[in-house]
Amino acid sequence: MSSNELQIAFNEISQLRDLPEEVVLEALESALVSAYRKDSGASSAQAIEAEIDPETGRAKVFVEKEVVDDVLTDATEVTLESARFYNPEAEIHDVVMVQVEHTTKSFGRIAAQTAKQVILQKIREAERNALYDEFITREGDLITGTVQSVNSKQVTLSLGRAEADLIRQQQIPGERYRTHEKIRVFIMEVKKSNRGPQILVSRAHRNMLRRLLEYEVPEIYNGQVEIKNIAREAGHRSKVAVSALQDGIDPVGACVGMRGIRIQNIVKELHNEKIDVIEWNTDAVAFISKALSPARVTGVFLDDDPIDGKTAVVIVPDDQLSLAIGREGQNARLAAKLTGWRIDIKSVVETVQGALENLDVPPLDVLTEKHADMVAESLRIMEKKSMELTVMPEEYKTLGRFAEVVEQLLQEQRNEAREIYLREREAVKATLTPQLFELPLDVLAVSQEILDILEPYENVGEAMLSCLVDEEIVARKLSALEGEPMAEVQAALDSVMAADIDALLLEAISIEDDEDAVEPGDEAAASDAVEAQQAESAEDGAEEESAEQDVLLDAFGQPIPQETMEPAVAGVAIAESGAAEQAPVAVPTKEGPRPDSPESGQFEAEEDEAGFELDRSKGKKQRRKDRQKRRQLVLDEKSGEVIAKRRRKGRRGSWDEETWEDYDY
């Protein structure tokens with residue numbers, strides 16, 4: 001192939017596939033290497049390189065050969081004279097790269113077919129990588145695609161040289177898509193796959209609304225207005241909280257535009273989805289009032305409960321109740337997502353009626369003394385309303401003021417109860433040892449379902465503190481489980497309190513250190529360690545096995561002297577009544593093949609490697625299960641004391657299911 005023909009071929013492939021010429025040249029060189037291996041039958045261990053001169057179009061193939069005095073095998077050996085032509089410093093028994101004599105024209109049909117397949121494979125692979133690099137940078141942005149096919153599960157979009165999937169869950173409800181129609185979508189995720197980049201797009205994602213606002217509102221794009229939060233239910237309604245970062249700018253007006261033209265463009269793009277733009281406010285009361293728009297709010301009363309979370313009680317006029325709640329609770333639900341507060345909406349009449357029925361119950365009993373006139377007037381208006389007589393607007397305002405007074409009293413009561421709870425919590429916390437707040441939850445001898453529910457407490461101290469301050473809180477969390485989970489938790493906490501907490505903490509730290517000993521990316525170091533351990537085990541043989549069975553470790557990892565050991569009957573530790581300290585005893589293990597036997601040595605390397613890979617792939621819950629299995633706190637019925645049962649780690653890094661050691665706390 002001449003220089004011009006080669007250059008023309010490179011240009012055609014590069015333009016057609018949109019790839020750099022260097023990538024195409026590299027693919028061709030890889031194809032020449034594969035073709036030479038196929039034609040000459042070279043071993044895969046033999047190094048082969050190919051070079052193509054873009055200017056002349058000539059191809060050179062270099063093969064790794066050994067320098068010898070007499071060449072017996074021309075494919076792998078070369079004389080010293082020929083080797084020094086390529087490497088002047090070459091000596092006998094050196095390995096050098098030598099150019100082969102024959103050219104690519106001598107390749108057979110199979111070698112040429114192999115070269116063709118390698119070229120196509122390399123070009124397709126390079127094209128997939130180029131597409132992935134192109135779209136991964138656009139992740140989180142908007143893109144326009146053409147509808148290629150539509151089915152019940154997803155819509156396939158054409159993005160030019162790539163395709164995107166718009167699954168049903170990410171479509172706007174009620175929106176219909178037609179073939180060859182152009183739509184704008186939000187790129188959610190770009191993943192690599194064997195068939196090119198897998199692009200997942202959405203029209204229901206809330207960040208699509210964010211990007212549309214950035215494109216339509218110059219103040220947002222320039223940073224003069226900031227989008228604080230977005231709550232969206234695609235196809236129905238969205239609420240956007242915006243704030244001005246520059247004085248003199250109306251954030252809501254900037255988003256709406258003159259005569260609403262800016263927001264209307266976004267509404268049309270989102271299939272006539274209603275959009276409420278609200279000014280963000282640091283005052284939670286004012287922000288919640290605006291978030292419930294278009295409803296008018298009479299009063300907002302906040303309750304930041306340490307147990308149930310943040311709740312806002314909102315009072316609205318009776319004619320605004322349905323508007324504040326919205327269809328199927330949509331308006332209240334979006335307002336809660338936007339503000340981060342759980343919203344409880346009540347009407348004025350409902351609040352007044354409930355207060356008048358409980359005037360003799362604290363704290364509402366003070367109303368008859370402090371607000372006697374307002375109570376009497378409210379009674380008269382409510383009686384008038386019960387008789388279905390017309391209630392004047394001024395009378396509704398009186399009921400609204402009375403409702404605000406009632407909710408203010410209830411809020412003061414909630415604040416006092418919260419202060420009492422916090423003081424009691426701090427007092428109880430002072431009585432607990434600080435080490436309890438460092439113990440992980442998996443030291444508790446409870447089921448995995450209970451551990452999952454208790455996970456928000458993060459440690460044993462927080463779980464114990466909640467049980468001591470208000471047991472009903474924990475009981476409500478566990479109410480969905482069968483049996484008596486609360487009794488199980490109490491028994492586990494009692495076992496921890498009866499045990500040596502410092503020893504438990506040391507053990508938990510040692511287990512964490514064992515799990516974190518091999519970090520991700522240290523596979524080579526771990527493999528070397530496994531091989532060294534296997535070699536050491538093979539040298540030691542049976543003597544090490546017998547010595548290891550005779551030496552036991554205590555809870556702190558120290559060896560236990562022989563004189564302190566006591567006999568074992570039927571695998572259960574027995575302590576003499578007159579002993580000052582109960583010593584741990586070894587439990588006989590089941591018989592199995594010796595470490596140096598063929599049965600053991602045959603699968604030892606495979607088991608160690610598989611165990612290492614399994615440990616690396618375990619998630620947080622699986623590691624917690626393993627730690628819980630290694631040690632259990634149980635009550636010894638004979639001695640009446642709490643014993644920590646811990647499995648002893650075997651020589652090959654595996655945990656023997658039948659070997660336990662008991663420690664007395």
Side-chain angles (χ1 to χ4, degrees), residues 1-134 161 192 194-197:
M1 181 181 288
S2 65
S3 173
N4 291 335
E5 291 176 346
L6 182 66
Q7 195 68 31
I8 292 173
F10 281 166
N11 292 336
E12 288 181 355
I13 297 176
S14 299
Q15 293 176 3
L16 181 63
R17 302 283 184 171
D18 194 15
L19 294 174
E21 292 186 5
E22 296 79 9
V23 175
V24 180
L25 186 62
E26 182 181 356
L28 185 56
E29 291 174 350
S30 300
L32 289 178
V33 171
S34 300
Y36 177 81
R37 289 189 188 275
K38 197 73 173 178
D39 185 67
S40 62
S43 170
S44 59
Q46 188 176 13
I48 302 174
E49 296 178 358
E51 293 181 2
I52 298 178
D53 189 351
E55 296 181 358
T56 62
R58 292 188 58 187
K60 299 179 181 179
V61 179
F62 296 88
V63 181
E64 183 183 55
K65 294 185 179 182
E66 183 183 2
V67 182
V68 295
D69 291 329
D70 296 327
V71 176
L72 299 179
T73 305
D74 185 65
T76 58
E77 295 176 345
V78 65
T79 61
L80 180 62
E81 182 181 358
S82 300
R84 286 186 173 176
F85 179 78
Y86 301 98
N87 185 0
E89 299 179 358
E91 299 292 342
I92 298 296
H93 301 305
D94 286 351
V95 177
V96 297
M97 300 297 294
V98 180
Q99 182 179 355
V100 296
E101 298 296 335
H102 59 280
T103 62
T104 56
K105 293 182 179 180
S106 62
F107 287 163
R109 180 182 60 83
I110 298 178
Q113 186 69 19
T114 302
K116 176 183 177 182
Q117 293 177 355
V118 171
I119 291 176
L120 294 177
Q121 180 182 358
K122 290 291 184 180
I123 290 179
R124 283 195 295 265
E125 183 179 352
E127 187 178 13
R128 288 195 295 266
N129 292 334
L131 283 175
Y132 176 80
D133 295 338
E134 175 186 349
R161 296 187 301 120
K192 280 189 175 181
N194 296 330
R195 302 181 61 182

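All values below were derived from every heavy atom in this structure, side-chain atoms included, with hydrogens, water molecules and symmetry-related copies excluded. It should be emphasised that the depicted structure is a prediction, and the values quoted were computed from it without experimental measurement.
Listed for the Glu77 side chain is no donor-acceptor partner under 3.5 Å among the backbone atoms of Val71.
The minimum heavy-atom distance between Tyr86 and Gln99, with the atom names listed, is OH-CB, 3.4 Å. For the residue pair Arg128 and Pro197, the shortest heavy atom distance occurs at O-CD, 3.9 Å.
Contact of the Asn129 side chain with the Lys192 side chain is registered, since non-hydrogen atoms from C-beta on lie closer than 4.5 Å. Within the 4.5 Å cutoff, side-chain heavy atoms of Val78 are placed close to those of Val67.
Going from atom CG of Asp94 over to atom NZ of Lys65 covers 15.5 Å, rounded to the nearest 0.5 Å.
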